[in-house]
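Just so we're on the same page: letters track the sequence lines, and every chain starts at 1.
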Number of protein chains: 4
Amino acid sequence: MTKRSTKLAASSAADGEAPASSRAARAAERRQAIVDAAMEEFIARGFAATRLDDIAKRAGVAKGTIYLHFKDKESMFEELVRTVIVPVVTRLTTLPPPAGSVRDLVEAFASNFLKEVINTRRGDLVRLIVAEGPRFPSVADFYYREVVSRGMAGMRTLIELGIARGEIRQKDLARYPQILVAPAMIAVIWQSLFARHSPLDAQEMLRVHLDLIFGERRTT
Amino acid sequence: MTKRSTKLAASSAADGEAPASSRAARAAERRQAIVDAAMEEFIARGFAATRLDDIAKRAGVAKGTIYLHFKDKESMFEELVRTVIVPVVTRLTTLPPPAGSVRDLVEAFASNFLKEVINTRRGDLVRLIVAEGPRFPSVADFYYREVVSRGMAGMRTLIELGIARGEIRQKDLARYPQILVAPAMIAVIWQSLFARHSPLDAQEMLRVHLDLIFGERRTT
Amino acid sequence: MTKRSTKLAASSAADGEAPASSRAARAAERRQAIVDAAMEEFIARGFAATRLDDIAKRAGVAKGTIYLHFKDKESMFEELVRTVIVPVVTRLTTLPPPAGSVRDLVEAFASNFLKEVINTRRGDLVRLIVAEGPRFPSVADFYYREVVSRGMAGMRTLIELGIARGEIRQKDLARYPQILVAPAMIAVIWQSLFARHSPLDAQEMLRVHLDLIFGERRTT
Amino acid sequence: MTKRSTKLAASSAADGEAPASSRAARAAERRQAIVDAAMEEFIARGFAATRLDDIAKRAGVAKGTIYLHFKDKESMFEELVRTVIVPVVTRLTTLPPPAGSVRDLVEAFASNFLKEVINTRRGDLVRLIVAEGPRFPSVADFYYREVVSRGMAGMRTLIELGIARGEIRQKDLARYPQILVAPAMIAVIWQSLFARHSPLDAQEMLRVHLDLIFGERRTT
DNA sequence: TATGAATGAGCATTCATTCAT
DNA sequence: GATGAATGAATGCTCATTCAT
């Protein structure tokens with residue numbers, strides 16, 4: 001009756017005997033299954049309305065097992081956010097191959113953001129953070145510290161570089177990097193809320209936005 | 001222990017003497033007190049985590065009184081959104097005095113948006129809608145229909161007018177009015193989530209953004 | 001919006017002006033409407049599950065009006081039982097025209113019981129008393145005192161008369177008048193509970209039962 | 001404060017040592033405790049006035065435990081009726097040893113009914129069904145189907161046999177088996193409602209009734 | 001380690017009763 | 001007298017958390 005998490009059971013052969021990846025690996029696998037399940041449920045229902053029962057069922061574990069990996073519902077949510085956000089940030093920030101024009105850099109970033117966040121569960125997670133932020137100051141703090149402030153700083157640097165190189169005219173833009181990111185954020189929220197009312201071609205919108213800023217015209 | 005609703009007692013002179021405003025007026029007053037209290041609580045805690053007890057306490061009414069005005073918690077939330085959103089939309093859309101440049105129009109709108117939404121409980125309500133949308137399709141539908149689609153259409157018209165008049169260069173912008181609104185939305189969310197981490201001068205940011213689109217420079 | 005009780009408004013002409021039956025009559029009328037409505041509701045839902053709101057609505061009065069006539073829900077129920085039971089008992093016990101055979105007397109009684117109780121709201125009330133008895137000792141006491149014990153005594157007298165006159169053979173019957181009444185009671189309950197499963201010709205059943213006791217055969 | 005269910009602890013030896021009766025047995029035991037407690041409370045107060053809190057307290061379990069066994073209060077009531085009725089019906093219908101006179105058979109049945117139902121919680125349950133029937137059509141249906149219609153059919157068969165064998169004179173009786181059962185039902189209700197006003201020797205009453213039908217005289 | 005039965009605090013909702021109009 | 005808006009105690013049900021197995 002208990003359903004095993006499938007998408008992550010890429011580990012071993014038989015179910016009861018784990019040759020190589022014993023003990024620790026099994027545990028990590030289970031934990032990951034819980035995190036995945038929790039993300040789905042939290043996104044779909046929000047923190048307060050999500051039942052641990054449903055998470056356990058979806059993860060294919062018993063309810064008590066969750067407490068072997070997380071202190072309680074709150075810390076599960078907080079750790080979940082960290083667990084999912086950190087690798088994405090790492091990937092998005094490590095990327096910039098320091099060659100080419102600023103627009104190339106920004107476009108590369110946008111492209112990655114598109115692939116890694118928009119139209120992804122990760123995008124829904126961003127909306128979830130926006131939703132639960134006020135009730136989870138620690139999550140909002142974490143998100144501001146790890147994502148927002150770092151993102152703003154990075155964008156500002158890029159903008160200043162663009163201004164220095166003459167790619168960007170609008171000098172004030174450096175004071176509000178939010179403007180550079182705003183359409184991407186709006187895309188994330190739009191997909192999560194209004195996709196079924198009217199689909200949005202996020203990629204094209206971002207291109208138009210970059211045209212607005214860099215003045216030129218190019219194809220992705 | 002019972003607290004009188006203060007901000008809404010615009011009825012008569014003194015608090016203890018309500019000669020004319022009998023029955024109906026008292027009822028409307030009470031209902032408004034409930035709506036106000038509910039908005040505060042829903043914004044602070046989200047739908048699921050909000051207790052009717054707290055709403056009642058904050059509104060200065062008994063728990064049962066809420067049910068004289070709303071069928072249940074869900075419809076209270078839905079009606080609340082309508083009650084608050086409709087007048088704002090009305091005010092924001094009725095405003096444009098059809099004189100002056102397109103930039104003037106947009107700036108007037110931005111100015112009103114700033115005053116009516118950003119830095120206002122209404123702004124928090126927008127974040128709340130983003131947060132609860134997935135669990136309240138009816139709310140998301142309503143918001144899309146009454147606010148988003150109408151807003152997009154209006155913006156598109158303005159953009160096209162701007163293009164026709166030569167105020168806006170970027171022709172593609174008309175396809176993505178979201179870009180025009182994005183910074184305003186980001187400002188709303190920012191104030192709600194990150195104001196305490198780093199305050200945002202929304203007015204100035206919007207000005208910079210308009211400069212980006214209209215190319216010029218002006219002071220509000 | 002308030003609906004006037006119709007079936008009882010056989011009183012006066014205009015609604016606001018009661019020529020003869022003013023004041024007191026109006027009050028009595030209202031009270032009767034409440035009693036009627038209450039009986040319907042209590043029978044349909046039982047004491048605990050009946051809402052005063054529904055009674056008021058059905059009676060065409062405001063909720064508060066009920067409290068002008070009855071102390072509270074409990075005493076309303078108790079008085080209701082008295083109000084309805086007493087006249088029936090009176091009618092059923094006053095009837096015996098002291099002529100003819102004992103069987104004639106019993107048959108006359110059965111016939112009246114059939115007309116006055118079985119297939120009547122009064123029958124449902126008996127079932128209601130059976131239902132609520134344990135929670136309303138005062139009602140059970142009243143019913144036992146006014147109906148059961150008097151009924152048993154009366155039946156015993158009739159049986160003894162029948163035995164003395166040679167109409168009834170079974171001498172022990174006088175010790176258990178319940179046997180004489182049992183089918184009538186069963187008819188009451190049957191109609192209330194199982195009529196829709198399988199209708200019962202109570203009159204015929206009672207005739208068969210009397211044949212069993214009196215040994216003869218007659219038509220009603 | 002927690003009371004262990006006593007009457008049902010027929011499992012192991014001492015109360016503190018339950019070696020074999022693990023899991024399933026414990027669960028069954030708990031469920032039975034809940035059923036017992038529920039029966040007491042429902043009988044004493046009726047469905048609507050019974051509090052789950054009281055059932056839980058009486059059963060010695062937490063409130064939530066009830067919901068591990070029953071979907072809600074309604075289905076608890078319905079299942080309770082089934083759970084209690086079915087075995088009784090089974091026992092009462094399996095009994096007839098096909099020897100002896102019809103009167104012997106009927107007397108055996110009466111004797112069992114006396115022992116199994118009258119003066120038993122089961123008797124009170126019958127009154128409860130009469131009480132709640134109108135609000136629980138499913139219960140009334142079940143009772144009619146499983147008990148009443150089967151009982152009527154069985155009685156009719158016996159009566160016809162009695163007529164065929166010359167033990168019963170009254171031929172019409174076969175059309176109204178209710179007459180045969182009526183005093184037993186009245187005994188059930190009497191004990192439940194009027195026992196404290198005036199005790200009833202049900203056994204003797206049933207004997208007198210059988211004498212009435214079979215005409216003879218015998219001792220149980 | 002993993003399980004899931006058991007717990008009981010917590011909350012939405014109902015409804016008898018009151019009382020200002 | 002009548003009214004019905006307002007009250008708040010009462011109660012069914014949920015669900016995060018614990019712990020014996």
Select from Gly64(D) and Gly64(B) the residue whose nearest nucleotide in DNA chain F is closer to the 5' end of that strand.
Gly64(B)
Using a cut-off of strictly less than 4.0 Å, decide whether Arg30(D) has a side-chain nitrogen or oxygen near OP1 or OP2 of dT7(E).
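It does, given that an N or O in the side chain of Arg30(D) lies less than 4.0 Å from OP1 or OP2 of dT7(E).
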On the nucleotide dT7(E), are OP1 or OP2 found under 4.0 Å from the side-chain N or O atoms that Thr65(D) carries?
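Checking Thr65(D) against dT7(E): at least one side-chain N or O falls below 4.0 Å of OP1 or OP2.
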Using Watson-Crick or G-U wobble geometry with both distances below 3.5 Å, tell me the partner of dA20(E), or none.
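Across any shown strand, dA20(E) pairs with dT3(F).
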Can you tell me the base-pairing partner of dA9(E)? Count Watson-Crick or G-U wobble geometry only, both distances below 3.5 Å, and say none if there is no partner.
dT14(F)
Selected nucleotide, minimal atom distance to [X] side chain, candidates [options]:
X        : options                  : value
Ala62(A) : dT3(E), dT18(F), dT13(E) : dT3(E)
Tyr67(D) : dT3(F), dT14(F), dA16(E) : dT14(F)
Arg51(C) : dT17(E), dA2(F), dC15(E) : dC15(E)

Indicate whether any N or O donor in one side chain lies under 3.5 Å from an N or O acceptor in the other, for Ser138(A) and Asp141(A).
no
Rounded off to whole Å, could you give me the [atom1]-to-[atom2] distance for the [X] and [N] pair?
X        : N       : atom1 : atom2 : answer
Arg31(A) : dA2(E)  : CZ    : P     : 13 Å
Lys57(C) : dC15(E) : NZ    : P     : 11 Å
Lys71(C) : dT18(E) : NZ    : P     : 9 Å
Asp72(C) : dT18(E) : CG    : P     : 8 Å
Glu74(B) : dC11(E) : CD    : P     : 18 Å
Ile55(D) : dT11(F) : CD1   : C1'   : 12 Å
Phe47(C) : dC15(E) : CZ    : C1'   : 12 Å
Asp53(A) : dC13(F) : CG    : C1'   : 14 Å

Given salt bridge (charged side-chain N to carboxylate O under 4.0 Å, His left out), test Glu79(D) with Arg31(D) step by step and report yes or no.
CA-CA 11 Å; Glu79(D) 287 191 42; Arg31(D) 190 194 159 94; 2.8 Å; yes
DNA chain E nearest-nucleotide lookup for Ala27(A) and Ala49(C): closer to the 5′ end is Ala27(A)
What is the nucleic acid contact for Leu68(B), judged by heavy atoms within less than 4.0 Å: base, sugar-phosphate only, or nothing?
base
If only atom types and distance count, is the side chain of Lys73(A) paired as donor or acceptor with the main-chain N or O of Phe47(A) below 3.5 Å?
yes
At less than 3.5 Å, do the side-chain atoms of Lys63(C) and the base atoms of dT17(E) form a donor-acceptor pair?
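Flag set: donor-acceptor pair detected.
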Could you check whether any side-chain heavy atom of Leu128(A) comes within less than 4.5 Å of a side-chain heavy atom of Glu132(A), counting everything from C-beta outward?
yes
Full working for side chain to side chain contact (heavy atoms under 4.5 Å, CB included) between Asp36(C) and Gln32(C)
CA-CA 6 Å; Asp36(C) 290 348; Gln32(C) 188 57 42; 3.0 Å; yes
